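First up is the structure itself, then whatever we jot down about it.
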Amino acid sequence: MTPRWLDLVDPTQEELESALPPGVDPDVIEALLGPARPGREPHPVIEAHGSYVFGVLVVMSPRVEENHAYQEIGFVATPERLVTVRRSSSPDITYDVAALYATAAAGAPVGVLVHRLVDDVADTYLDLLDAVYADIDSLEDEIDSLRPAEVRRRLAELRHMLLHRRRTVSGMRAVARRIFDGRIEVGEHALFPPDVERRFGDTYDTLVRVTEELDIARDLLAGARDHLQSKIAENQNEVGKKLTVIASLVLVPSFIVGFYGQNFEGVFDREFWTLGISLGLILGSTLVQLALFRWRRWI
């Protein structure tokens, strides 16, 4: 018998209960109907409930400014029927299930439909990687021209985004691994026969790659942070050198002025002669110091 696939978007309880197979736990129905609250971290899951399998997949926005924007796709699968329930915490994300239409039209078993859904969601994470690397490249190109406070803000946003994205990808990886290992099943391989389980192995490999790429992106962020810190330290050293030069330039004239401010009665008969020597020493010592500092490339 050709399996029946129903796709529901924000259904009512009556619509959901009429679409689901009999005997679904009330907790599962509540989880499928529960609103995807903004700010709540998504958590992919998959569970075997005797005669059916319940799962939740997560599609995430690749944009940094939409860190908590995602869409949850719940499903209930039996050997004869697949029901998908889409709900979103953001109107900007609408997952397109068009990839399943051709598979369903070809009369594929429900297990293959579930794999097609999981694999298609996993492929969206590759687009997420492209967006993450683009944001990091943009930050690295602008890090020398932006204010340090702005760079720190963007680093914090990217780091926070990577943390949430990696946690969600790890959850999706666990979903694929549990099916691949044969820990999620209905009856004697009635839902996921061995050939379908092997397909989940390829999906698992994709999710492992995404996880590793996110770790690389985190290392790139750490490199950008180290570059920022070295830039700040270099700027502080430059300021310190300039202040040292200013202090040195003031030190010798202060000494000369202080020296000639003493009362040397009878040493100099004319005040202008004393003033001329003082000014000459001040100007000469200043020029000598400037030349020395310039020669040493301190200024």
Side-chain angles (χ1 to χ4, degrees), residues 61-69 127-167 210-299:
S61 170
R63 296 192 291 271
V64 178
E65 61 272 14
E66 295 181 352
N67 186 36
H68 293 288
D127 297 332
L128 182 148
L129 283 178
D130 294 338
V132 167
Y133 280 122
D135 289 331
I136 295 177
D137 290 341
S138 175
L139 177 60
E140 290 177 340
D141 293 339
E142 300 173 1
I143 195 170
D144 291 327
S145 59
L146 294 175
R147 294 169 58 90
E150 175 66 14
V151 176
R152 285 194 296 267
R153 182 188 66 81
R154 291 180 61 177
L155 281 173
E157 289 179 349
L158 284 170
R159 182 178 177 277
H160 189 63
M161 182 268 288
L162 284 178
L163 177 64
H164 284 271
R165 298 296 193 265
R166 192 186 188 286
R167 195 173 297 166
V210 173
T211 304
E212 292 174 348
E213 293 288 344
L214 288 176
D215 290 336
I216 294 174
R218 185 175 58 183
D219 293 338
L220 291 175
L221 277 184
R225 182 190 58 194
D226 293 341
H227 177 74
L228 173 64
Q229 292 175 343
S230 64
K231 177 186 174 184
I232 294 175
E234 182 180 354
N235 291 338
Q236 290 175 341
N237 290 336
E238 290 295 327
V239 172
K241 285 195 296 185
K242 291 178 181 179
L243 292 177
T244 302
V245 168
I246 293 173
S248 299
L249 293 175
V250 174
L251 177 62
V252 175
S254 299
F255 171 75
I256 295 173
V257 171
F259 178 80
Y260 279 94
Q262 300 180 77
N263 186 14
F264 292 99
E265 186 177 355
V267 176
F268 301 104
D269 294 331
R270 297 182 179 180
E271 293 182 358
F272 75 89
W273 180 251
T274 305
L275 179 60
I277 294 177
S278 176
L279 290 176
L281 289 174
I282 290 174
L283 292 176
S285 63
T286 301
L287 292 175
V288 169
Q289 289 183 90
L290 288 173
L292 176 63
F293 296 150
R294 188 67 175 175
W295 176 66
R296 295 296 300 272
R297 299 183 182 275
W298 291 354
I299 57 175

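Side chains included, hydrogens not; waters and symmetry mates left out as well; all remaining heavy atoms used. The model shown is predicted, which means the values in this text are computed figures rather than measured ones.
A salt bridge is absent between Asp135 and Arg154: the closest approach of a Lys/Arg side-chain nitrogen to an acidic carboxylate oxygen does not fall below 4.0 angstrom.
From Glu157, atom CD reaches atom CG of Leu139 across 10.5 Å, with rounding to the nearest 0.5 Å. Summarising the geometry, atom CD belonging to Glu212 is positioned 9.5 Å from atom CZ belonging to Arg166; distances are rounded to the nearest 0.5 Å. Interatomic distance, Leu162 CG to Glu213 CD, rounded to the nearest 0.5 Å: 12.0 Å. The distance from atom CZ of Arg152 to atom CG of Leu146, rounded to the nearest 0.5 Å, is 12.0 Å. Leu129 CG to Thr211 OG1: the interatomic distance, rounded to the nearest 0.5 Å, is 9.0 Å.
Heavy atoms only, all atoms of each residue included: Leu155 and Ala224 are closest at CD2-CB, 4.0 Å. Shortest non-hydrogen contact noted between Leu220 and Glu140 is O-OE2, 4.1 Å. A pairwise comparison of heavy atoms in Ile136 and Leu158 identifies CG1-CD1, 4.4 Å as the closest pair.
In this structure the side chain of Met161 reaches within 4.5 angstrom of the side chain of Val132, judged on heavy atoms.
Residue Arg153 places its CZ atom among more than 12 non-hydrogen atoms of other residues, nucleotides or ligands, all under 6.0 Å distant.
With hydrogens and angles ignored, the 3.5 Å screen pairs no side-chain donor or acceptor of Tyr133 with any backbone N or O of Leu128.
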